[in-house]
Amino acid sequence: MRDEFIFPPPAQAHVAIQGTSKCFPVRRIFCVALNYADHAREMGKEPSMTAPFFFTKPADAVVEDAASIAYPSLTKNLHHEIELVVALMQGGVDIPVSRAKDCVFGYAAGVDLTRRDLQNEARQQGRPWDMSKGFDHSAPIGALRPASEIGHPDRGKIALSVNGVTRQNGDLNDLIHPVPQIIAALSLQVALAPGDLIFTGTPAGVGPLNPGDSVKGEIDGVGQVSFTLTDKIGCAR
C-alpha cells in the first residue's frame, strides 16, 4: 500500500461551526446558477423551471469569515453574489426529495465571487467559464449553523451590503429550486458525500467590488459573512 507523499499534502479546507471549536471539513463545492428569477433577468436570461444548472469551485476557494481578500488577478469587474450555503453530512446517489433534508448538517451565508468580465467573454466565445468562478479565495463563508438548531430555512431575508450600502435584498422563498430539489437533482449527476457544500444561488443586485471595499452578507436565521478587499494581487515570479 502506498502511503508516503513526495511532499506534505495541503491542509484540509474547512468552515467554522457556530458556537464550537469544531469545524466542518470541505470535500467539494457545488453552485447553482440563476436560481432566483430576478437575478436571471438582470443577467439577460429568462428564469428556467427545468432542472437546476450546476458549476463548481475548488474546496480551497473557501475563505473564513472576516478575512481580508486580495482583489483577484485578470479582472476589472469582480462581482459579489450573496448565497445560502448548504453543508452535507450524508450523501448518496439518486436521493429522493423526501429524504434530501436528512443529508444536511447545516447552513451558512456565503458569497460567490465572480470575475464577471471573464465569464461574459467565455460565454460569448462558447467556452466554459470555470475560471470566472473557481479562482483562489472566491468562496467566503460565514460560520455554519446546524440544522438541528435552526431547522431548514426556506424563507427570510438574504441581503448584502458594500461599505454599509445595501446592494442585494431578497428572500429565500424566491428560490426557483428549493434546497431539497437541489440536492435531489445534484445527486443524479454525482455521488454526494459528507463534506460537500452547495451554494444555492443569488438574488438580484449583483455588482462590482473594488479594492478597499468592506462587504457584509446576512441571512435571517442563518448568520452573516463579511470580508474586506485589499489591493490587487501581484503576479508570482
Side-chain angles (χ1 to χ4, degrees), residues 7-18 23-33 39 43 55-85 87 108-123 127-144 158-168 195 197-203 205-219 223-237:
F7 55 84
Q12 170 66 56
H14 62 275
V15 179
I17 301 172
Q18 186 71 39
C23 56
F24 181 90
V26 179
R27 180 172 181 260
R28 296 176 295 186
I29 303 176
F30 300 97
C31 309
V32 185
H39 173 58
M43 299 303 294
F55 60 92
T56 62
K57 291 176 180 278
D60 62 4
V62 166
V63 180
E64 66 181 5
D65 188 36
S68 295
I69 302 174
Y71 192 97
S73 62
L74 301 178
T75 184
K76 296 180 180 179
N77 194 19
L78 179 71
H79 276 208
H80 55 77
E81 299 188 6
I82 179 68
E83 310 206 8
L84 175 71
V85 180
V111 177
D112 168 18
L113 290 175
T114 303
R115 295 192 282 203
R116 190 72 71 198
D117 42 2
L118 269 64
Q119 184 185 43
N120 290 339
E121 180 180 348
R123 281 173 168 164
R127 296 177 175 176
W129 32 271
D130 302 58
M131 289 297 99
S132 70
K133 292 284 192 177
F135 53 94
D136 296 340
H137 311 134
S138 60
I141 303 177
L144 285 163
I158 174 171
L160 180 140
S161 63
V162 179
N163 302 324
V165 178
T166 299
R167 293 269 191 93
Q168 294 182 263
L197 297 178
I198 305 174
F199 280 63
T200 59
T202 195
V206 301
L209 295 170
N210 297 294
D213 282 346
S214 177
V215 181
K216 180 179 179 181
E218 57 181 332
I219 302 175
Q224 300 180 344
V225 59
S226 64
F227 62 92
T228 300
L229 280 175
T230 62
D231 290 339
K232 294 186 177 182
I233 191 169
C235 295
R237 296 186 184 276

Least distance between heavy atoms, Ala108 atom then Leu144 atom: CB-CD2, 3.7 Å
OG of Ser138 to CG of Leu78: how many Å apart, nearest 0.5 Å? 9.5 Å
Looking at Asp213, is its backbone amide N or carbonyl O close enough to the side chain of Asn163 to form a donor-acceptor pair, meaning the two atoms are under 3.5 Å apart? no
Does any part of the side chain of Thr56, heavy atoms only, come nearer than 4.5 Å to the side chain of Arg28, both counted from C-beta? no
About how many Å separate NZ of Lys76 and OH of Tyr71, when rounded to the nearest 0.5 Å? 10.0 Å
Check whether any side-chain N or O of Thr200 sits under 3.5 Å from a backbone N or O of Leu84 as a donor-acceptor pair, and report yes or no. yes
Between Ala13 and Ala59 the two heavy atoms that sit nearest each other are CB-O, 3.5 Å
Between the side chain of Arg115 and the main-chain N/O of Ser73, is any donor-acceptor distance below 3.5 Å? yes
Are any non-hydrogen side-chain atoms of Val225 and Ile82 less than 4.5 angstrom apart? yes
Under 3.5 Å, is there a donor-acceptor pair between the side chain of Gln12 and the main chain of Val26? yes
Rounded to the nearest 0.5 Å, the CG atom of Asn77 sits from the CG atom of Asn210 at a distance of 9.5 Å
I need the Phe135 CZ to Leu118 CG distance, nearest 0.5 Å. 9.0 Å
Heavy-atom pair with the smallest gap, counting every atom of Ile69 and Pro140: CD1-CG, 3.7 Å
Looking at Lys57, I want to see if its NZ is surrounded by more than 12 non-hydrogen atoms of other residues, nucleotides or ligands under 6.0 Å. yes
Can you tell me how far the CE atom of Met131 sits from the CD atom of Glu121, to the nearest 0.5 Å? 14.0 Å
On a heavy-atom basis, the closest approach of His137 and Val63 is CA-CG2, 3.5 Å
From Asp60 atom CG to Asp136 atom CG, the distance as rounded to the nearest 0.5 Å: 6.5 Å
Report yes if the side chains of Thr202 and Asp112 come closer than 4.5 Å at any heavy-atom pair, otherwise no. no
Verify whether one side chain among Gln119 and His79 offers a donor that lies under 3.5 Å from an acceptor in the other. no
Between Ile141 and Leu197, is a side chain to side chain contact (heavy atoms under 4.5 Å, CB included) present by the stated rule, with each step listed? CA-CA 11 Å; Ile141 303 177; Leu197 297 178; 3.6 Å; yes
Hey, is the main chain of Pro208 close enough, under 3.5 Å, to the side chain of Arg167 for a donor-acceptor pair? yes
Please walk me through it: do Ile29 and Phe199 pass side chain to side chain contact (heavy atoms under 4.5 Å, CB included)? CA-CA 8 Å; Ile29 303 176; Phe199 280 63; 3.7 Å; yes
Identify the heavy atoms of Cys23 and Ala16 that sit nearest to each other, and give their distance. CB-CA, 4.5 Å
Distance-only, no hydrogens or angles: does the Glu83 side chain make a donor-acceptor pair with backbone N or O of Gly201 under 3.5 Å? yes
Could you report the tightest heavy-atom contact between Pro128 and Asp130, atom names first, then the distance? CB-OD1, 3.1 Å
Can you check side chain to side chain contact (heavy atoms under 4.5 Å, CB included) on Phe227 and Leu113, steps first, answer last? CA-CA 11 Å; Phe227 62 92; Leu113 290 175; 3.9 Å; yes
Short side-chain donor-acceptor distance under 3.5 Å, Thr114 and Lys133: yes
Verify the neighbour count for atom CD of Glu64: are there more than 12 heavy atoms of other residues, nucleotides or ligands below 6.0 Å? no
